[in-house]
Protein chains: 2
Amino acid sequence: MNVGLLSPGEMGSAVASTLREYGATVRTCLEGRSARTRDLAARDRLEVSPTLADLVLASDFILSIVPPASALEVARGVAAALRATGARPIYVDCNAVAPSTVRAVAATVGCEVVDVGIIGSPPRGQGTTRFYASGPQAEHLDLPGLDVRPIGQEIGTASALKMCYAALTKGFTALATELLVAAQLLGVNDELAKELADSQAQHHATMARQIPRMPSVAHRWIGEMEEIAKTFAELGLTPRILEGAADLYRFAASTAVGAERPETRDMRRGLDETIEALARAAEEPAGTR
Amino acid sequence: MNVGLLSPGEMGSAVASTLREYGATVRTCLEGRSARTRDLAARDRLEVSPTLADLVLASDFILSIVPPASALEVARGVAAALRATGARPIYVDCNAVAPSTVRAVAATVGCEVVDVGIIGSPPRGQGTTRFYASGPQAEHLDLPGLDVRPIGQEIGTASALKMCYAALTKGFTALATELLVAAQLLGVNDELAKELADSQAQHHATMARQIPRMPSVAHRWIGEMEEIAKTFAELGLTPRILEGAADLYRFAASTAVGAERPETRDMRRGLDETIEALARAAEEPAGTR
C-alpha cells in the first residue's frame, strides 16, 4: 500500500505514523512547504518524492490534509500532475471544508475522489479518531490502522458531517473564549467562574480542557469556521455565528499566545492564564499586535 | 414591603408569587399590556394600580422585568410618573441588557437604581434563581424570599455578569440548534447523533434538555442576544457570534413551533421532533412562513 500525503502537519504526521506502523509506505512532497513542515516530515521519517509528479506516480491513494483554504489549490496542483503523468490514484480529500468545496475539488482533480471527514484528535493508537468517508469509492478506501467509516455514495456527505460536528466543538470553544475574555475585561470573571462552577459545571469543565490549547491552533481554525459558515449559508441558515467564531480565532491567532504551536506551547498555562493573556491583547490597540 | 412590577410575564409572575408568599404586596399596572399578560396577572392575583402614577406612589421598589428592547422605554415611562408624582421608590432594572443600556436606564429614570442580573429559571422555591445586584443601593435591595447577591457598587456590573452567562447558555443553544437543523437538511442527522452520543455525550444531553423548550421563548431571546453582541462590540470583541444567535432565534420565532408559548407548548415534543419542525420551516421560502 503506497500512500501520498499532502501535507504532513500535526494531523497529517500522526496519520502517516499510523499508516507506517500498519505497513503502508507513506511518501510526501515538500516543494514550497515551510521549515516546520519539513522538520515534521524528517521527524516522521517520511519518504520524500522530489516532485508532485513522482508522488502521484508512486501512490495508490493521495491524502489531502491541508488548511481548508488550500484544499482547492492543492487539488489543482494534483490535477496538473495527473494530466502530466497519466497516473490514476484515488484522491482522498480529508479537509474540513463545505460540501460544495469538496464537490469543487472532485470536479477539479481528474481522478476518483473519496470525501473524508476526520473527527477526533490526531490518531494516537485505537479509538481516538474516526475517518468518515463518502463517495462512489468510499467502500474501497483502505487506510491501514485507521478507523474508516463509509457513510454513503455522495461526495459531500462526509464533509457535511464534519462541518456540523466541528460547529459544535470549535463553535463552542469560540463562544466560550469570547465570553470569558469579556468577563475578564468587565471585571466579573470571579463571579462568573463561581456561578459557572455551580450551575454549568459541565460547560465549565469543557472550557478548562479546550481553551488552553486553542490559541496554538487558532490560525488553522479560521478557515474551518468560514467553511462551516458557507455550509450553513447555502442551506438558508445564518452564517454569522460561525463567521464570528472565525473572527475570534483570527483575534486569538494574532496574539502572543497565538504565535505558539501545539509542540511549543507552555503546557502549564491553564484556563485563567490563557484568558488573561487574551484579555490583555484585546486591550491593546489593534495596530500594536 | 410594597413592590411594583413591570411587567408580569413568565419571569415576572414567578417573582411576584415568591414575593407575595414571603409577605410582600405586589402591584402592577396593565396599561397597554397584552391579553396574555393580563391573564397572568389575574392568575397570580396581583393588585392592579390603574395608572403608572398610582403604582410608583404605592411602591418601595419598582421592578422592571421586560423584553430587553423595552428596558429604556419602560424607564422613560417611570421617569415621567416620578416627575408627575414626586414619588421616590428604588428602581430595580432586572433586564438582560448591556451594561451601557442599564447605565442609560439609570441616567433616565430619576431615582435611585439597582442593576440586577437574574440568573437561573423563574424562581420556584429555593435554589433555582440568583438575583445578582450592583449599584450604590445594591446592599439595601430587599426582595423577600429571593436570593439577592450584591456584587459591587457600580451600575453595569450585574448586567455584565448576566450578559456573559447568557452568552454561554443561550449562545450554546443557538449554535447547537443551527448545526442540528443543518445536519437534518444535509441528511447526516443519524450519523451526527451517534457520533455526538459517543464523543460529546454531555453536549448532546444539554441539547436534548434545552432545545425542545427554545422555540416557545425564542422571540424573547432575540433582543437579549443583540444586547450581548452590543456588550462584546463595546469591548472590541466580535459581535457576530451573538448577532448570529439573534438571527437563529428570529428564525425559530417565525416558525409554527415558535408561535407556541411555554404554557401552551407540546411537552411531548422532544429534540428530534423539534429539529425536524425547524428544518421543515427552513426549507420553506421565507415569505410563506
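Protein chains get the first letters and strands the later ones, always in sequence-line order, with residue 1 at the start of each.
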Need one label for [X]: side chain, backbone, both or neither, based on atoms under 4.5 Å from any heavy atom in chain B.
X	answer
A/I119	side chain
A/A158	neither
A/L242	side chain

With the side chain counted from C-beta on, respond yes when [X] and [Y] share a heavy-atom pair under 4.5 Å apart, and no when they do not.
X	Y	value
B/E224	B/E227	no
A/M11	A/C94	no
A/P150	A/L141	no
A/L146	A/T129	no

Exercise. Non-hydrogen atoms of chain A under 4.5 Å away: do they reach the side chain of B/A205, the backbone, both or neither?
Worked result: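 Contact with chain A involves no heavy atom of B/A205 at all.
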
Exercise. Which bit of B/M207 comes within less than 4.5 Å of chain A, counting heavy atoms only: side chain, backbone, both or neither?
Worked result: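 Only the side chain of B/M207 comes within 4.5 Å of chain A.
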
Find the one option among [options] whose heavy-atom pairs under 4.5 Å with chain B are most numerous.
options	value
A/I228, A/T238, A/T231	A/T238
A/Q202, A/R250, A/E178	A/E178
A/T157, A/D198, A/D190, A/L192	A/L192

Problem set entry | Expected output: side-chain B/Y249 to main-chain B/M225 donor-acceptor under 3.5 Å |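 A pair under 3.5 Å: no.
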
Exercise. Which class fits the ring pair B/H203 and A/H203: parallel under 30°, tilted 30 to 60°, perpendicular over 60°?
Worked result: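 Plane angle between 30° and 60°, so tilted.
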
